[in-house]
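Data first, discussion second: the structure below is written as structure tokens.
Chain A is the first sequence line, chain B the second, and so forth, proteins listed ahead of strands; every chain is numbered from 1. Keep in mind that this is a model prediction, so the values were computed, not measured.
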There are 2 protein chains.
Amino acid sequence: MTDGLDDTIEDRGLLSDRIRNALADEIATGRLEAGAALDEQQLADRFGASRTPVREALRQLAASGLVEVRARRGVVVARMTPERIMDMFETVAEIEAMCARLATYRMTPLERSHLIELHDASETLVKKGDFDAYDTFNRAFHEAIYHATHNSFLAEQAIAIRSRLTAFRRAQLQQEQRLDRSRAEHEAIMQAIAEGDGEMASRRMRAHMLNAATALRRFIEASKLA
Amino acid sequence: MTDGLDDTIEDRGLLSDRIRNALADEIATGRLEAGAALDEQQLADRFGASRTPVREALRQLAASGLVEVRARRGVVVARMTPERIMDMFETVAEIEAMCARLATYRMTPLERSHLIELHDASETLVKKGDFDAYDTFNRAFHEAIYHATHNSFLAEQAIAIRSRLTAFRRAQLQQEQRLDRSRAEHEAIMQAIAEGDGEMASRRMRAHMLNAATALRRFIEASKLA
DNA sequence: TTTGCCGATTTTGCATGCAAATCCGCCATC
DNA sequence: GATGGCGGATTTGCATGCAAAATCGGCAAA
């Protein structure tokens, strides 16, 4: 999202960080497909850098699970089996549900009002069918809930794990009617939060995320047929 | 646990990995205290290596949150405020609770039997008051539950997050009577699992972890007075 | 006495060089 | 024709060198 900037204005950050972000984005968006070999020299040439910052970037990506390093045998983009993707979705679903429950009990009136405002604004995005804008809103919505748990460590973990599903989330959103349904599910979650029923908010959030996973599964199956 | 080996037999792994593991262990056990500066050259000398593998190790540690890198200003061991530690404990408690619930519904009879065996064996450790042995058992017990969720991604996340609390967990265990109580809590969890009541297993696991957090808080307060 | 500036020192960040391990193709052998 | 071993090419892993940035000390000015 801030990539256009990274390449132009932000020339002052650490080179290894910029390379890491660029690669992370390419993997998340699928431009670099799973199993692809990442040659150090080749990447160094591409980014106009030496192998050192590239190596550092690759190590960091390995730590976040986006790539696999096999000692002395090079680095490849992590291969995601459908089972693993589903495992990840389930994990995110459970963590989001947990956040929704905690947030319901702990959020301040100000935070609640902010969340309502966000949710209300999303209606026009659905009507316009703007996937990109809705995806951005969606992220803000969920992150607002993370922060409303008033547990910054949990919020960080949630964001980190969620970011690893970026690519799949976006794919899933483009399923037919998914935008509409997503917002309806948000609506139900908001209602539970408004009533102060954390358990219900939790269940609804879990269902919301698992619905997204199911939509993704359908999307994958459909892709296979094509 | 395999550290003694790492230093002697396992000279074939990647140097940067060995350095990373060594540093991670020293941070987790508190031998390297929070806020301590990690000078690259100094560490390189200590490990008999050059700065390159040390740098890679530090970057990886940064990715897992154990150290903080401030661009061009060096690396320091991540500073943990009491609030942050409590946030981490709460997060672990919630994740463990989640794992206990899923595991209850999904574990195979073989896994259940293995867990029972583990739990039974811990009785003698409590009687002997062997903190180290109990800590090792405790880890095995909790990891058995993670794996019984049959969600390998969730298990990995749980292990990763849990590992970041190693130091504090051990400190907490040495509180008076904590060993006894810990095992009694495990007992209650086992019972809920045996009855197939995932919700109860979840609640009891959460309580178990929060009790550990409370014990730790008392430990910290006591340390402050001294 | 305090504040701000300037230079020396230290440390980081990156480039490059080199040795070891792995991969790949070829040839000999079965 | 298939299999196994061998040598070159490629690639990784680590060491080292160098430039830029930050830190620290002292000194001058307010």
Arg112(A) atom CZ: more than 12 heavy-atom contacts under 6.0 Å: yes
Separation of [N] [atom2] from [X] [atom1] (nearest whole Å):
{"X": "Gln41(B)", "N": "dT10(C)", "atom1": "CD", "atom2": "P", "value": "12 Å"}
{"X": "Leu43(A)", "N": "dA15(C)", "atom1": "CG", "atom2": "P", "value": "14 Å"}
{"X": "Leu14(A)", "N": "dA15(C)", "atom1": "CG", "atom2": "P", "value": "12 Å"}
{"X": "Arg18(B)", "N": "dG13(D)", "atom1": "CZ", "atom2": "C1'", "value": "12 Å"}
{"X": "Leu58(B)", "N": "dT12(C)", "atom1": "CG", "atom2": "C1'", "value": "11 Å"}
{"X": "Leu38(B)", "N": "dT12(C)", "atom1": "CG", "atom2": "P", "value": "10 Å"}
{"X": "Arg55(B)", "N": "dG13(D)", "atom1": "CZ", "atom2": "P", "value": "17 Å"}
{"X": "Asp39(B)", "N": "dA22(D)", "atom1": "CG", "atom2": "P", "value": "17 Å"}

Evaluation steps, side chain to side chain donor-acceptor pair (under 3.5 Å), between Tyr134(A) and Ser182(A): CA-CA 10 Å; Tyr134(A) 189 82; Ser182(A) 171; 2.7 Å; yes
Consider only side-chain N and O atoms of [X] and [Y], and report whether a donor and an acceptor are under 3.5 Å apart.
{"X": "Asp87(A)", "Y": "His150(B)", "answer": "no"}
{"X": "Glu111(B)", "Y": "His147(B)", "answer": "no"}
{"X": "Glu156(B)", "Y": "Tyr146(B)", "answer": "no"}

Could you please name the option among [options] that lies closest to any side-chain atom of [X]?
{"X": "Pro53(A)", "options": "dA15(D), dC14(C), dC23(C)", "answer": "dC14(C)"}
{"X": "Ser50(B)", "options": "dT12(C), dT16(D), dC14(C)", "answer": "dT16(D)"}
{"X": "Thr52(A)", "options": "dA15(D), dA15(C), dG13(C)", "answer": "dA15(C)"}
{"X": "Arg72(B)", "options": "dA22(D), dT12(D), dA15(C)", "answer": "dA22(D)"}

First encountered from the 5' end of DNA chain C, between Asp17(A) and Ala71(A): Asp17(A)
Base dG13(D) paired with Arg51(A) side chain (donor-acceptor, <3.5 Å): yes
OP1 or OP2 of dG13(D) under 4.0 Å from side-chain N/O of Arg73(A): no
Sugar-phosphate only, base, or nothing, as touched by Glu40(A) at under 4.0 Å among non-hydrogen atoms: sugar-phosphate
